[in-house]
**Student:** 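To start, I am sharing the structure in question, which I have written as C-alpha coordinates.
Just so you know, residue 1 is the first one in the sequence shown, and it goes up from there.
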Amino acid sequence: GGREASDIALRYAREAVELARVHGLRQEESAGLSHQAMALLLLGQAEEARACSEAAVHLLETGGRSDSEREHIWLHHARILRACGQENLADGWLERAYTGAMERLAAVRDARLREAMVHAGLLREILAERRKGG
(Lines give C-alpha, C1' and ligand atoms only; values in the text may rest on other atoms or scores of the structure.)
Protein backbone atom coordinates (compact mmCIF):
# COMPACT_ATOMS: atom_id res chain seq x y z
CA GLY A 1 0.00 0.00 0.00
CA GLY A 2 0.87 3.71 0.02
CA ARG A 3 2.21 3.78 3.57
CA GLU A 4 4.44 0.76 3.00
CA ALA A 5 5.81 2.28 -0.22
CA SER A 6 6.50 5.56 1.59
CA ASP A 7 8.27 3.70 4.42
CA ILE A 8 10.47 1.91 1.86
CA ALA A 9 11.16 5.18 0.01
CA LEU A 10 12.14 6.80 3.31
CA ARG A 11 14.51 3.94 4.16
CA TYR A 12 16.21 4.09 0.75
CA ALA A 13 16.52 7.88 0.92
CA ARG A 14 18.11 7.69 4.38
CA GLU A 15 20.61 5.09 3.12
CA ALA A 16 21.42 7.29 0.12
CA VAL A 17 22.02 10.30 2.40
CA GLU A 18 24.33 8.26 4.66
CA LEU A 19 26.34 6.94 1.70
CA ALA A 20 26.61 10.40 0.18
CA ARG A 21 27.82 11.84 3.52
CA VAL A 22 30.43 9.12 3.97
CA HIS A 23 31.80 9.82 0.50
CA GLY A 24 31.51 13.61 0.67
CA LEU A 25 29.03 13.80 -2.22
CA ARG A 26 27.20 17.02 -1.34
CA GLN A 27 24.97 17.10 -4.42
CA GLU A 28 23.80 13.53 -3.92
CA GLU A 29 23.27 14.22 -0.23
CA SER A 30 21.02 17.20 -1.03
CA ALA A 31 18.99 15.12 -3.51
CA GLY A 32 18.70 12.29 -0.97
CA LEU A 33 17.55 14.68 1.76
CA SER A 34 14.91 16.09 -0.60
CA HIS A 35 13.60 12.59 -1.40
CA GLN A 36 13.64 11.78 2.33
CA ALA A 37 11.63 14.95 2.99
CA MET A 38 9.00 14.01 0.39
CA ALA A 39 8.67 10.52 1.91
CA LEU A 40 8.22 12.06 5.36
CA LEU A 41 5.54 14.38 3.96
CA LEU A 42 3.69 11.41 2.45
CA LEU A 43 3.86 9.73 5.87
CA GLY A 44 2.15 12.77 7.39
CA GLN A 45 5.27 14.08 9.17
CA ALA A 46 5.19 17.60 7.70
CA GLU A 47 7.45 19.32 10.26
CA GLU A 48 10.13 16.61 10.00
CA ALA A 49 9.81 16.86 6.23
CA ARG A 50 10.34 20.60 6.42
CA ALA A 51 13.51 20.29 8.54
CA CYS A 52 14.87 17.69 6.15
CA SER A 53 14.01 19.79 3.09
CA GLU A 54 15.63 22.86 4.64
CA ALA A 55 18.82 20.83 5.08
CA ALA A 56 18.61 19.78 1.41
CA VAL A 57 18.17 23.38 0.25
CA HIS A 58 21.02 24.58 2.48
CA LEU A 59 23.39 21.94 1.05
CA LEU A 60 22.29 22.95 -2.42
CA GLU A 61 23.05 26.62 -1.76
CA THR A 62 26.54 25.78 -0.49
CA GLY A 63 27.24 23.01 -2.99
CA GLY A 64 26.71 24.98 -6.20
CA ARG A 65 24.55 22.47 -8.02
CA SER A 66 23.22 23.66 -11.38
CA ASP A 67 21.51 20.70 -13.04
CA SER A 68 17.75 20.14 -13.10
CA GLU A 69 17.93 18.28 -9.77
CA ARG A 70 18.21 21.75 -8.20
CA GLU A 71 14.77 22.75 -9.51
CA HIS A 72 13.32 19.44 -8.29
CA ILE A 73 14.66 20.11 -4.80
CA TRP A 74 13.19 23.64 -4.85
CA LEU A 75 9.84 22.28 -6.08
CA HIS A 76 9.80 19.66 -3.30
CA HIS A 77 10.66 22.37 -0.78
CA ALA A 78 7.76 24.53 -2.01
CA ARG A 79 5.34 21.59 -1.68
CA ILE A 80 6.52 20.85 1.85
CA LEU A 81 6.31 24.50 2.92
CA ARG A 82 2.77 24.69 1.51
CA ALA A 83 1.84 21.55 3.48
CA CYS A 84 3.17 23.33 6.60
CA GLY A 85 0.95 26.34 5.88
CA GLN A 86 3.84 28.54 4.68
CA GLU A 87 2.19 29.72 1.44
CA ASN A 88 4.32 32.83 0.90
CA LEU A 89 7.60 31.00 1.45
CA ALA A 90 6.37 28.18 -0.78
CA ASP A 91 5.58 30.63 -3.58
CA GLY A 92 9.10 32.06 -3.41
CA TRP A 93 10.74 28.64 -3.81
CA LEU A 94 8.30 27.75 -6.57
CA GLU A 95 9.29 30.90 -8.45
CA ARG A 96 12.96 29.95 -8.08
CA ALA A 97 12.19 26.50 -9.50
CA TYR A 98 10.21 28.03 -12.37
CA THR A 99 12.88 30.62 -13.19
CA GLY A 100 15.62 27.99 -13.09
CA ALA A 101 13.68 25.64 -15.35
CA MET A 102 12.88 28.45 -17.81
CA GLU A 103 16.53 29.57 -17.92
CA ARG A 104 17.59 25.99 -18.62
CA LEU A 105 14.94 25.82 -21.36
CA ALA A 106 16.06 29.12 -22.91
CA ALA A 107 19.62 27.78 -23.19
CA VAL A 108 18.47 24.91 -25.42
CA ARG A 109 18.93 25.81 -29.09
CA ASP A 110 17.20 22.81 -30.66
CA ALA A 111 13.45 23.50 -31.00
CA ARG A 112 12.45 19.82 -30.83
CA LEU A 113 14.52 19.25 -27.71
CA ARG A 114 13.04 22.40 -26.15
CA GLU A 115 9.54 21.16 -26.94
CA ALA A 116 10.35 17.79 -25.35
CA MET A 117 11.65 19.54 -22.23
CA VAL A 118 8.44 21.57 -21.92
CA HIS A 119 6.43 18.35 -21.93
CA ALA A 120 8.84 16.55 -19.60
CA GLY A 121 7.85 16.13 -15.97
CA LEU A 122 9.64 18.94 -14.14
CA LEU A 123 8.23 21.99 -15.88
CA ARG A 124 4.71 20.47 -15.95
CA GLU A 125 4.95 19.76 -12.20
CA ILE A 126 6.13 23.31 -11.47
CA LEU A 127 3.31 24.82 -13.52
CA ALA A 128 0.72 22.56 -11.86
CA GLU A 129 2.02 23.57 -8.43
CA ARG A 130 1.87 27.27 -9.40
CA ARG A 131 -1.80 26.86 -10.41
CA LYS A 132 -2.50 25.20 -7.03
CA GLY A 133 -0.95 28.17 -5.26
CA GLY A 134 -3.14 30.63 -7.11
Side-chain angles (χ1 to χ4, degrees):
R3 179 157 190 97
E4 191 181 340
S6 296
D7 279 329
I8 292 167
L10 181 59
R11 193 166 67 241
Y12 280 129
R14 283 186 170 140
E15 286 174 17
V17 169
E18 285 310 307
L19 276 171
R21 269 189 197 139
V22 166
H23 295 286
L25 304 169
R26 295 171 70 81
Q27 295 184 350
E28 287 73 10
E29 186 180 346
S30 67
L33 283 166
S34 183
H35 290 294
Q36 187 176 322
M38 287 304 289
L40 285 164
L41 184 64
L42 290 170
L43 288 165
Q45 299 171 32
E47 284 305 321
E48 280 183 56
R50 181 178 169 180
C52 207
S53 188
E54 281 170 355
V57 167
H58 177 73
L59 260 179
L60 196 61
E61 302 297 302
T62 57
R65 187 170 196 132
S66 66
D67 64 8
S68 64
E69 189 73 43
R70 181 184 70 170
E71 282 91 36
H72 272 111
I73 291 169
W74 290 343
L75 172 62
H76 288 170
H77 195 51
R79 285 182 174 151
I80 288 164
L81 287 168
R82 181 164 289 144
C84 291
Q86 303 280 311
E87 292 290 334
N88 288 346
L89 278 176
D91 289 346
W93 286 102
L94 200 52
E95 279 312 300
R96 280 180 91 160
Y98 177 74
T99 302
M102 291 307 283
E103 283 170 0
R104 190 174 311 291
L105 195 61
V108 175
R109 298 275 169 259
D110 184 280
R112 278 181 310 200
L113 179 56
R114 213 169 34 242
E115 185 71 11
M117 283 174 73
V118 169
H119 296 291
L122 177 64
L123 201 52
R124 273 210 331 266
E125 281 186 62
I126 292 170
L127 292 169
E129 195 67 28
R130 281 175 105 206
R131 280 192 295 275
K132 238 190 268 181

**Student:** Shortest non-hydrogen contact from Trp93 to Ala78?
**Tutor:** CB-CB, 4.1 Å
**Student:** Taking atom CG of Asn88 as the centre, does the number of heavy atoms from other residues, nucleotides or ligands within less than 6.0 Å exceed 12?
**Tutor:** no
**Student:** Should Glu18 and Arg21 be marked as a salt bridge (Lys or Arg N to Asp or Glu O under 4.0 Å) after you check the CA-CA gap, both sets of side-chain angles, and the distance that decides it?
**Tutor:** CA-CA 5 Å; Glu18 285 310 307; Arg21 269 189 197 139; 3.3 Å; yes
**Student:** Is a donor on one side and an acceptor on the other found under 3.5 Å between the side chain of Ser53 and the backbone of Ala49?
**Tutor:** no
**Student:** Are any non-hydrogen side-chain atoms of Tyr98 and Leu75 less than 4.5 angstrom apart?
**Tutor:** no
**Student:** Is there a donor-acceptor contact under 3.5 Å from the side chain of Ser30 to the main chain of Gln27?
**Tutor:** yes
**Student:** When rounded to the nearest 0.5 angstrom, what is the spacing between CD in Glu71 and CG in Leu60?
**Tutor:** 9.0 Å
**Student:** Can Ile73 be reached from Leu89 by stepping across I, L, V, M, F, W or Y side chains whose heavy atoms are under 4.5 Å apart?
**Tutor:** yes
**Student:** Determine, step by step, whether Glu129 and Lys132 satisfy the salt bridge (Lys or Arg N to Asp or Glu O under 4.0 Å) criterion, reporting the C-alpha distance in whole Å, the side-chain angles of both residues, the deciding distance to 0.1 Å, and the verdict.
**Tutor:** CA-CA 5 Å; Glu129 195 67 28; Lys132 238 190 268 181; 3.3 Å; yes
**Student:** Other than Leu41, which residues form its hydrophobic cluster under the rule that side-chain heavy atoms must be closer than 4.5 Å?
**Tutor:** Met38, Ile80
**Student:** Under 4.5 Å between any side-chain heavy atoms of Leu123 and Met117, yes or no?
**Tutor:** no
**Student:** Can you list the residues that meet the salt bridge (charged side-chain N to carboxylate O under 4.0 Å, His left out) rule with Glu54, with sequence neighbours excluded?
**Tutor:** Arg50
**Student:** Would you confirm whether Arg82, through its side chain, and Ala90, through its main-chain N or O, come within 3.5 Å as a donor-acceptor pair?
**Tutor:** no
**Student:** Does one hydrophobic cluster hold both Leu105 and Leu94, with members joined at side-chain heavy-atom distances below 4.5 Å?
**Tutor:** yes
**Student:** Using the side-chain contact (heavy atoms from CB on, under 4.5 Å) criterion, which residues pair with Ala39? Sequence neighbours excluded.
**Tutor:** Ala9, Leu10
**Student:** Can you find a pair of side-chain heavy atoms, one from Cys84 and one from Glu47, that are under 4.5 Å apart?
**Tutor:** yes
**Student:** What distance separates Arg114 CZ from Arg109 CZ, expressed to the nearest 0.5 Å?
**Tutor:** 8.0 Å
**Student:** Please enumerate all residues that pass side-chain contact (heavy atoms from CB on, under 4.5 Å) together with Gln45, with sequence neighbours excluded.
**Tutor:** Leu40, Leu43, Glu48
**Student:** Kindly write out the residues that satisfy ring-ring contact (aromatic ring centres under 6.0 Å, His included) with His72, not counting sequence neighbours, or none if the list is empty.
**Tutor:** none
**Student:** If you group Ile, Leu, Val, Met, Phe, Trp and Tyr by side-chain heavy-atom gaps below 4.5 Å, do Leu122 and Leu113 land in one group?
**Tutor:** yes
**Student:** Taking only residues two or more places apart in sequence or in another chain, which ones pass side-chain contact (heavy atoms from CB on, under 4.5 Å) with Arg11?
**Tutor:** Ile8, Glu15
**Student:** Would you check if Ile126 and Met102 make a side-chain contact, meaning some heavy-atom pair closer than 4.5 Å?
**Tutor:** no
**Student:** Quick one: pull up NE2 in His58 and CD in Glu61 and give me the separation to the nearest 0.5 Å.
**Tutor:** 9.0 Å
**Student:** Relative to the ring of His76, is the ring of His35 parallel (under 30°), tilted (30 to 60°) or perpendicular (over 60°)?
**Tutor:** perpendicular
**Student:** Where is the tightest heavy-atom contact between Arg70 and Gly100, given as atom of each residue plus distance?
**Tutor:** NH2-CA, 4.0 Å
